[in-house]
Structures are given as C-alpha cells and as structure tokens.
Number of protein chains: 2
Amino acid sequence: MQRTTRQRTAVAELLEHSAEFRSAQEVHRMLADRGESVGLATVYRTLQALAEVGEVDALRGPDGEVRYRRCDEQAHHHHLVCRRCGTAVELDAAAVEAWSGTIAAAHGFTAVEHTIELFGLCATCSAADARA
Amino acid sequence: MQRTTRQRTAVAELLEHSAEFRSAQEVHRMLADRGESVGLATVYRTLQALAEVGEVDALRGPDGEVRYRRCDEQAHHHHLVCRRCGTAVELDAAAVEAWSGTIAAAHGFTAVEHTIELFGLCATCSAADARA
DNA sequence: GACTCAATGAGAACGATTGTCAAAACGGCT
DNA sequence: AGCCGTTTTGACAATCGTTCTCATTGAGTC
C-alpha cells in the first residue's frame with residue numbers, strides 16, 4: 001500500500017508551488033534550505049513515482065538533467081521552457097501530434113513517441129539580458 | 001590548425017558508413033573491435049567537433065545518451081529514429097518549424113530553439129517483434 | 001631530419017542517477 | 001496507547017556517460 005510520509009508530502013508540496021521545472025538535485029537542495037531535509041535517493045524515487053502516475057511532467061533539459069513540474073493540463077502536451085529560469089508555458093500541440101502520427105505511419109514505424117519541447121528566453125529574462 | 005589524424009579519420013569514416021545514430025561509447029567499441037582502437041576521450045572530442053561544424057547531427061536519446069549520425073541533409077531538420085536499432089529517417093518539418101516560431105513569439109519568448117524527435121520501431125524491428 | 005604545437009590516451013575527476021540494506025516510520029489492529 | 005508486519009527512508013557505495021589533466025606522440029612545416 002502507498003503510504004503518506006513527511007518526505008513525499010514535502011516534495012509534492014514544493015512542486016505544487018513551483019511554476020518552473022525543477023531537477024531532482026534542485027528539489028533536494030530547496031527542501032534542505034527550507035529545513036525539510038529529504039534524502040537525495042528519496043527525492044529521486046518520489047519524483048519518478050509522481051511522474052509515473054502522471055502527477056507531474058518530466059523532461060530532459062538540453063544539459064541532460066531531468067526536470068519535473070506539476071502541470072495543470074493532465075492530458076498529453078508539450079512545453080515552451082525558459083532556459084534561464086525554468087518557467088514553462090503549457091502548449092496544446094494538436095497540429096504537431098497529427099503531423100507526427102502521419103509521418104510515422106508513412107515510414108512504417110510503429111509504437112511512436114515523440115519529444116517536442118521548445119526552449120528559449122522568456123519575456124522577463126530577455127529583458128534582463130537586454131539591460132545588461 | 002586542424003590536423004588530420006588517424007583517429008579523426010577513423011571516426012569520420014565509421015560514421016560515413018552508418019545509417020544509424022551511434023553513441024560515443026558505441027563508436028569507441030566498434031573501432032576497437034575493428035582494430036582501429038581510438039581513445040575514448042578522443043572519440044568524444046572528435047564527435048563533438050564534428051557536431052559543432054555540422055558534419056554530423058547529434059541528439060539525446062530517451063536514455064540520456066547523446067548519439068551522432070552523419071546526415072545527407074545539411075540544413076536544419078529532425079529525425080524519426082528506431083529505438084531498437086537506431087536507424088533514422090530525416091524529416092522535413094517546415095510545418096513544425098513555423099508552428100514553433102509562432103508559438104514562441106506569441107508568448108514573448110526569444111532565442112528559441114526546439115527539440116523535436118520521433119522515436120518508434122522501424123518496419124523491420126516491428127516485424128521482428130511480432131514474430132517473437 | 002628537426003622543430004613546434006595540436007592531438008592523443010590513460011586515468012582521474014565529475015555529476016546525475018540508481019542500488020543496497022539496516023534502521024525508522026506508517027497504518028491497521030487491539 | 002502499544003504492537004507489528006511492511007513500506008520507506010537515507011547514508012553511502014556503485015554505475016554510467018562525459019569531461020578534465022597532463023605527459024607523450026605525431027602532423028605539418030622549413
């Protein structure tokens with residue numbers, strides 16, 4: 001049976017209040033700073049579990065680190081992520097979904113999955129850059 | 001100055017004859033098996049260099065490993081990759097490109113880049129699976 | 001052939017992630 | 001509240017891909 005523990009609550013809680021994608025390491029550090037220290041291994045396990053259930057979305061950033069975020073949209077969707085601050089916008093990509101399906105079929109591929117993520121600088125970070 | 005060495009030639013040569021995406025580790029092993037042993041560090045350096053110049057395309061598989069492949073198309077494009085054997089089809093995604101640009105602008109993002117890759121089982125591997 | 005500087009390679013170092021396993025905590029039960 | 005069987009946890013070791021270091025080697029030049 002799935003038990004409710006302090007650490008699981010803490011991790012879920014933190015993501016609940018984050019609009020940004022966070023890596024396991026970040027979550028670990030943030031919780032530590034906040035005094036709710038949780039073992040690193042536990043953070044990884046919890047995050048993966050949440051992702052498996054669909055509670056959170058996971059994606060691998062350009063640097064190879066996996067990041068997690070609690071999304072409003074439960075259904076399948078993609079993101080436009082700020083590469084500086086991690087803020088993300090959820091995208092409805094019906095058009096792209098259709099395209100991917102068609103393309104795959106045309107080449108005889110089956111069991112197709114796709115990775116479609118956009119990375120850039122959000123309005124805020126762009127402005128900060130320009131000022132610098 | 002950029003020098004022409006046995007190892008650089010060997011790596012380039014191997015990719016030249018591969019229709020599949022190969023990881024640095026794979027390239028290293030394949031060269032060793034073939035008797036043209038090349039240091040692992042050198043393989044990494046060479047692959048990165050080739051990718052930087054645009055000689056080869058690089059992409060990160062679902063497992064996080066970076067894979068390289070020599071592509072016919074020099075211009076920007078995406079792939080439909082077999083997750084079993086690594087075979088890849090080059091895709092022209094003009095429609096998707098346009099979509100990504102529009103979406104990004106609509107949200108005030110700048111300097112946008114995107115990751116768009118499709119993974120599945122190629123016709124051959126699908127068939128092999130069905131038979132098993 | 002001699003010389004210079006880029007390139008190589010063995011191995012250490014790294015950073016993210018996963019595995020291990022004894023100790024601690026949960027939840028149901030009395 | 002106290003017990004108990006199970007699930008979780010966490011400190012630490014282990015993996016794995018990748019990068020760094022630095023003494024040695026080799027490419028291109030004169």
Side-chain angles (χ1 to χ4, degrees), chain A residues 1-15 20-53 55-69 81 83 86 115 117 119, chain B residues 1-15 20-53 55-69 81 83 86 115 117 119:
Chain A
M1 177 216 318
Q2 172 75 302
R3 292 181 182 171
T4 311
T5 66
R6 173 181 69 76
Q7 19 289 74
R8 281 216 255 264
T9 307
V11 171
E13 169 81 4
L14 191 156
L15 287 192
E20 298 86 28
F21 270 91
R22 304 292 193 192
S23 70
Q25 305 277 353
E26 279 175 336
V27 171
H28 175 63
R29 196 170 336 107
M30 292 176 76
L31 287 176
D33 289 351
R34 171 189 300 200
E36 302 208 72
S37 181
V38 174
L40 186 53
T42 302
V43 172
Y44 272 100
R45 280 185 296 237
T46 304
L47 250 19
Q48 282 170 343
L50 287 174
E52 222 146 76
V53 184
E55 267 298 296
V56 303
D57 274 30
L59 70 77
R60 196 180 295 275
D63 57 351
E65 251 193 347
V66 179
R67 295 205 153 65
Y68 302 86
R69 174 178 191 270
V81 189
R83 98 178 102 244
T115 301
E117 304 296 347
F119 296 96
Chain B
M1 177 216 318
Q2 174 74 299
R3 292 179 181 172
T4 311
T5 67
R6 173 182 69 76
Q7 17 291 72
R8 281 217 254 262
T9 308
V11 172
E13 170 79 4
L14 191 156
L15 286 187
E20 300 84 29
F21 270 90
R22 304 292 192 191
S23 69
Q25 306 275 352
E26 279 175 336
V27 171
H28 175 63
R29 196 172 333 108
M30 293 176 75
L31 287 175
D33 289 350
R34 172 190 298 200
E36 301 208 74
S37 181
V38 174
L40 187 52
T42 303
V43 172
Y44 273 100
R45 280 186 294 239
T46 305
L47 251 19
Q48 283 170 342
L50 287 174
E52 222 147 77
V53 184
E55 266 298 296
V56 302
D57 274 30
L59 69 77
R60 195 181 296 274
D63 56 352
E65 250 193 347
V66 178
R67 294 205 153 65
Y68 302 86
R69 174 177 190 270
V81 188
R83 97 178 103 243
T115 300
E117 304 297 345
F119 295 96

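Atom set for the values below is all heavy atoms of this structure, side chains included, hydrogens, waters and symmetry mates excluded. By convention in this document, chain letters (A, B, ...) are assigned in the order of the sequence lines, proteins followed by strands, and residues within each chain are numbered from 1. Please read these numbers as outputs of a predicted model, since none were measured by experiment.
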Does any part of the side chain of B:R8, heavy atoms only, come nearer than 4.5 Å to the side chain of B:Q2, both counted from C-beta? yes
Strictly under 3.5 Å: I want the nitrogen or oxygen pairs between protein and nucleotides 9-12 of chain C, one per line.
unit_1, atom_1, unit_2, atom_2, d
C:dG9, OP1, B:Q7, NE2, 2.9
C:dG9, OP2, B:G39, N, 2.9
C:dG9, OP2, B:T42, OG1, 3.0
C:dG9, N7, B:R45, NH2, 2.7
C:dG9, O6, B:R45, NH1, 3.4

So, with a heavy-atom separation below 4.0 Å from DNA chain D, the residues of residues 20-32 of chain A are none
Starting at [atom1] of [X] and ending at [atom2] of [N], how long is that distance when rounded to a whole Å?
X: A:L47; N: C:dT18; atom1: CG; atom2: P; answer: 11 Å
X: B:R8; N: C:dT8; atom1: CZ; atom2: C1'; answer: 9 Å
X: A:R67; N: C:dT17; atom1: CZ; atom2: C1'; answer: 14 Å

With a cut-off of 3.5 Å and sequence neighbours excluded, list every side-chain donor-acceptor pair involving residues 55-68 of chain B.
unit_1, atom_1, unit_2, atom_2, d
B:E55, OE1, B:R70, NH1, 3.4
B:D57, OD2, B:H77, NE2, 3.3
B:R60, NH1, B:G64, O, 3.2
B:R60, NH2, A:P62, O, 3.0
B:D63, OD1, B:E65, N, 3.2
B:E65, OE1, B:R67, NH2, 3.0

Students should find this one: the first and last nucleotides of DNA chain D, 5' to 3', lying under 4.0 Å from a heavy atom of chain A. What are they? D:dG5 to D:dA11
Restricting to nitrogen or oxygen on both sides, can you table the protein-nucleotides 27-30 of chain C pairs closer than 3.5 Å?
unit_1, atom_1, unit_2, atom_2, d
C:dG27, OP1, A:T4, N, 3.1

Nearest 0.5 Å, please: how far is CZ in A:R29 from CZ in A:R22? 10.0 Å
Separation between OG1 of B:T46 and CG of B:L15, rounded to the nearest 0.5 Å: 10.0 Å
For residues 30-42 of chain B, run the donor-acceptor check on the side chains, cut-off 3.5 Å, and write out each pair with its distance to 0.1 Å, sequence neighbours left out.
unit_1, atom_1, unit_2, atom_2, d
B:T42, OG1, B:R45, NH2, 3.3

